[in-house]
Amino acid sequence: QVQLVEAGGGLVKAGDSLRLSCAASGCTFSSYPMGWFRHAPGKEREFVASISVSGGSTYYADSVKGRFTISRDNAKNTVYLQMNNLMPEDTAVYYCAGRSGGLYSTRAANYGYWGQGTQVTVSS
């Protein structure tokens with residue numbers, strides 16, 4: 001079955017950087033649009049970024065635009081989220097998500113596969 005495994009979270013200070021990775025298995029990764037979402041305590045799950053199957057198209061939430069970069073390496077079955085200039089409000093559990101076909105999307109409901117999440121904590 002499809003498995004998505006995130007890594008790279010941690011505790012950092014405001015202004016620091018982190019790179020999250022999400023390794024996929026059990027699927028034809030190169031045909032899966034991928035996304036990153038996050039869930040902070042007391043808030044609803046929030047879209048962060050998404051990427052097309054080729055990696056040629058990306059989309060970002062306004063809150064992370066210019067600071068975060070989503071990318072993918074289809075040869076490694078991995079999607080990344082480079083996070084720069086982190087702020088305390090970026091603190092959340094970050095999830096990668098995949099969908100078997102279709103276009104990349106900002107809607108969580110469009111993704112059928114989810115990782116277990118990785119915690120990112122940004123201190124001020």
Side-chain angles (χ1 to χ4, degrees):
Q1 71 272 20
V2 178
Q3 283 194 317
L4 302 176
V5 180
E6 300 99 334
L11 172 63
V12 297
K13 297 180 180 179
D16 285 351
S17 298
L18 276 177
R19 188 174 83 152
L20 306 183
S21 62
C22 172
S25 61
C27 64
T28 307
F29 179 75
S30 59
S31 66
Y32 276 49
M34 299 295 294
W36 285 96
F37 292 77
R38 64 187 182 186
H39 191 189
K43 297 184 178 180
E44 293 186 354
R45 182 171 49 187
E46 176 187 24
F47 165 78
V48 176
S50 60
I51 189 166
S52 62
V53 295
S54 69
S57 296
T58 56
Y59 192 80
Y60 298 92
D62 287 343
S63 58
V64 307
K65 201 173 295 183
R67 299 188 298 122
F68 291 11
T69 302
I70 187 172
S71 63
R72 65 190 298 160
D73 185 338
N74 286 343
K76 295 182 177 179
N77 287 1
T78 302
V79 62
Y80 303 96
L81 185 68
Q82 176 67 43
M83 306 185 294
N84 297 331
N85 191 23
L86 282 159
M87 302 185 293
E89 48 265 48
D90 295 318
T91 295
V93 177
Y94 283 71
Y95 299 89
C96 73
R99 61 181 310 201
S100 56
L103 299 177
Y104 63 106
S105 172
T106 65
R107 297 182 66 239
N110 285 339
Y111 292 87
Y113 304 100
W114 293 81
Q116 82 289 349
T118 185
Q119 176 72 47
V120 172
T121 304
V122 185
S123 63
S124 57

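As a basis for the values below, the full set of heavy atoms in this structure was taken, side chains included, without hydrogen atoms, waters or symmetry mates. Residue numbers count from 1 along this sequence.
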Aromatic ring pairing F37/F47, orientation class (parallel under 30°, perpendicular over 60°, tilted between) = perpendicular
inquiry  = Measuring from atom CG of D73 to atom OG of S30, what distance do you get when rounded to the nearest 0.5 angstrom?
reply    = 11.5 Å
remark   = Rounding to 0.5 Å, atoms OH (Y94) and CE (M83) come to a distance of 5.5 Å
ask   = Taking only residues at least two apart or on different chains, which pairs with a member in residues 7-25 satisfy salt bridge (charged side-chain N to carboxylate O under 4.0 Å, His left out)?
value = none
message = Under the rule for side-chain hydrogen bond (donor to acceptor under 3.5 Å, both in side chains), what residues qualify as partners of N84, not counting sequence neighbours?
response = S17, Q82
Name the atoms and distances for all side-chain donor-acceptor pairs under 3.5 Å in residues 111-118, with sequence neighbours left out.
{"from": "Y111", "atom 1": "OH", "to": "S105", "atom 2": "N", "distance (Å)": "3.1"}
{"from": "Y111", "atom 1": "OH", "to": "S105", "atom 2": "O", "distance (Å)": "2.6"}
{"from": "W114", "atom 1": "NE1", "to": "Y111", "atom 2": "O", "distance (Å)": "3.1"}
{"from": "Q116", "atom 1": "NE2", "to": "E6", "atom 2": "O", "distance (Å)": "3.3"}
{"from": "Q116", "atom 1": "NE2", "to": "E6", "atom 2": "OE1", "distance (Å)": "3.4"}
{"from": "T118", "atom 1": "OG1", "to": "G9", "atom 2": "N", "distance (Å)": "3.2"}

message = Does V64 form a side-chain contact (heavy atoms from CB on, under 4.5 Å) with R38? I'd like the steps, not just the answer.
response = CA-CA 12 Å; V64 307; R38 64 187 182 186; 4.0 Å; yes
ask   = Of the non-hydrogen atoms in A14 and S124, which two are nearest, and what is the gap between them?
value = CB-CA, 4.3 Å
inquiry  = Tell me the closest heavy-atom pair linking A24 and F29, and the distance in Å.
reply    = CB-CD1, 3.5 Å
message = Given 3.5 Å as the limit, does a donor-acceptor pair link the side chain of T58 with the main chain of I51, or not?
response = no
query = Transitively linked via ILVMFWY side-chain contacts under 4.5 Å: L4 with V120?
reply = yes
query = Among the clusters formed by ILVMFWY side chains lying less than 4.5 Å apart, do I70 and Y32 turn up in the same one?
reply = yes
